[in-house]
There are 2 protein chains.
Amino acid sequence: MKIGRLSELTRLSIDTLRYYERLGLIDPPFRKGGQRLYDPDAVRWIEFLKALKATGMSLEDMKRYALMRARGHGTAANRRVMLENQHAKVLSRIAELSACATLLEYKIANYHDIEASHELADKTRHAK
Amino acid sequence: MKIGRLSELTRLSIDTLRYYERLGLIDPPFRKGGQRLYDPDAVRWIEFLKALKATGMSLEDMKRYALMRARGHGTAANRRVMLENQHAKVLSRIAELSACATLLEYKIANYHDIEASHELADKTRHAK
DNA sequence: GCTTGACCTGGACCGTACTCCAGCTCGTAG
DNA sequence: CTACGAGCTGGAGTACGGTCCAGGTCAAGC
């Protein structure tokens, strides 16, 4: 498939796909008359990159992962360790966000109280 | 307190504190001979800003919140809505991260399998 | 065979959130 | 009263992750 199609399937812009290729995140595909022709497997790999990115991994780290992957099975243990570290980061980020959610709930409840007491004050004033 | 002390208490750099002031996130404090002198309450406000930031809110949105806060109780309902929106974003981000965590767990388990089968292959080869 | 839309490259530019710096002033300890 | 560490300003610089553009090439349909 050509880059336009890959862009549709992955919902990454054409510019971003080429940018990722330059960074070394995506293997340079075969070319036909200068145009990139991707293997359908590229979609699966890019979806995985998107998942890594969603975990908060930097493009730099994703590049290191991609490089190891390209070097084959000898790097499997190192790749696993990277994923384990990232997994730990995701869990702690979830914990952080949960704490923030709780704080927001508390603040929101507070605003409800404030608004209720202002409404009450308005009604009282109106009744006078 | 002076800015150095505030920086220690909030674990934000002095430059960041002045930057936030320029952006309008922090009220310009009183000055004594040109030097900023902060009220202890500033610490609480900055901790709240840090929590908003941890939720993924942009400095721009935090500025809008700070502006409304400065305008007083008439903006309470709007501020509550902002917090409610942010709360929704946090929950969906937690859901996204949870899905990523599951994917990572799956991948990591996969690597364990791969490593185990390679070890087995090595042992077999050794036994020959 | 020609048009036209998709694709190509290299490099400039962008937004966000800081971070650093030069050159200056302030204030407190000795 | 002086030294020096902390603070001041305005502006430049940085890192990250893209995004856009000019000027050119390719290929598929008519």
Side-chain angles (χ1 to χ4, degrees), chain A residues 1-39 42-43 45-67 86 89 93 96 100, chain B residues 1-40 42-43 45-67 82 86 89 93 96 100:
Chain A
M1 78 187 74
K2 291 195 281 184
I3 201 167
R5 179 73 181 130
L6 186 63
S7 170
E8 279 172 24
L9 291 178
T10 60
R11 295 162 314 280
L12 290 183
S13 77
I14 290 175
D15 273 321
T16 299
L17 290 171
R18 288 196 283 237
Y19 175 59
Y20 280 10
E21 183 182 325
R22 245 181 295 150
L23 289 188
L25 298 183
I26 299 174
D27 292 333
F30 293 119
R31 301 277 188 132
K32 187 179 146 201
Q35 293 185 202
R36 291 169 177 83
L37 282 185
Y38 294 93
D39 185 299
V43 177
W45 170 242
I46 291 167
E47 287 301 333
F48 181 57
L49 289 180
K50 284 172 67 181
L52 288 182
K53 186 158 181 302
T55 69
M57 187 182 279
S58 68
L59 299 188
E60 187 58 32
D61 283 354
M62 286 161 60
K63 176 183 173 170
R64 295 199 297 109
Y65 185 92
L67 256 173
Q86 201 59 26
K89 282 184 196 169
R93 181 81 179 113
E96 186 187 18
C100 288
Chain B
M1 77 187 74
K2 290 193 281 184
I3 200 167
R5 179 74 181 131
L6 185 64
S7 170
E8 279 172 25
L9 292 178
T10 59
R11 293 160 318 280
L12 289 183
S13 76
I14 290 175
D15 274 319
T16 299
L17 289 171
R18 289 195 283 237
Y19 175 61
Y20 281 8
E21 183 181 325
R22 249 180 292 151
L23 289 188
L25 299 183
I26 299 174
D27 292 333
F30 294 118
R31 302 275 189 133
K32 187 178 145 201
Q35 294 186 198
R36 291 168 177 82
L37 283 184
Y38 294 93
D39 185 299
V43 177
W45 170 241
I46 291 168
E47 289 299 334
F48 181 57
L49 289 180
K50 284 172 67 181
L52 288 182
K53 187 159 180 300
T55 69
M57 188 182 280
S58 68
L59 299 188
E60 186 60 31
D61 282 354
M62 285 161 61
K63 176 182 172 171
R64 294 198 297 109
Y65 185 93
L67 257 174
M82 274 194 81
Q86 201 60 27
K89 283 184 195 168
R93 181 82 178 112
E96 185 187 16
C100 288

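Proteins come first, then strands; the chains are lettered A, B, ... in the order of their sequence lines, and each starts at number 1. Being a predicted model, the structure only gives us computed values, none of them experimental.
Between Tyr19(A) atom OH and dA15(D) atom C1' the separation is 10 Å, expressed in whole Å.
Atom CE of Met57(A) is separated from atom CZ of Arg64(A) by 8.0 Å, given to the nearest 0.5 angstrom.
Tyr20(B) has no side-chain polar atom (N or O) that falls below the 4.0 Å cut-off from OP1 or OP2 of dA17(C). For Lys63(A) and dG17(D), the shortest distance from a side-chain N or O to OP1 or OP2 is not below 4.0 Å. The phosphate of dT9(C) (OP1 or OP2) has a side-chain N or O of Arg36(A) nearer than 4.0 angstrom. A close approach under 4.0 Å does occur between a side-chain nitrogen or oxygen of Thr16(A) and OP1 or OP2 of dT19(D). For the OP1/OP2 pair of dT9(C) and a distance below 4.0 Å, the side-chain nitrogens and oxygens of Arg31(A) include at least one atom meeting the criterion. Phosphate contact (OP1/OP2 of dG11(C), side-chain N/O of Arg22(A), threshold under 4.0 Å): absent.
Ranked by how close their nearest DNA chain D nucleotide is to the 5' end, Lys32(A) and Arg18(A) are led by Arg18(A).
Side-chain atoms of Thr16(B) do not come within 3.5 Å of backbone N or O of Leu12(B) as any donor-acceptor pair. In this structure, Lys63(B) contributes its side chain and Ser58(B) its backbone to no donor-acceptor pair below 3.5 Å.
Note on Leu23(B): nothing from the nucleic acid sits closer than 4.0 angstrom, heavy atoms only.
In this structure, of dC18(C), dC20(D), dC8(C), it is dC20(D) that holds the atom nearest to the side chain of Asp15(A).
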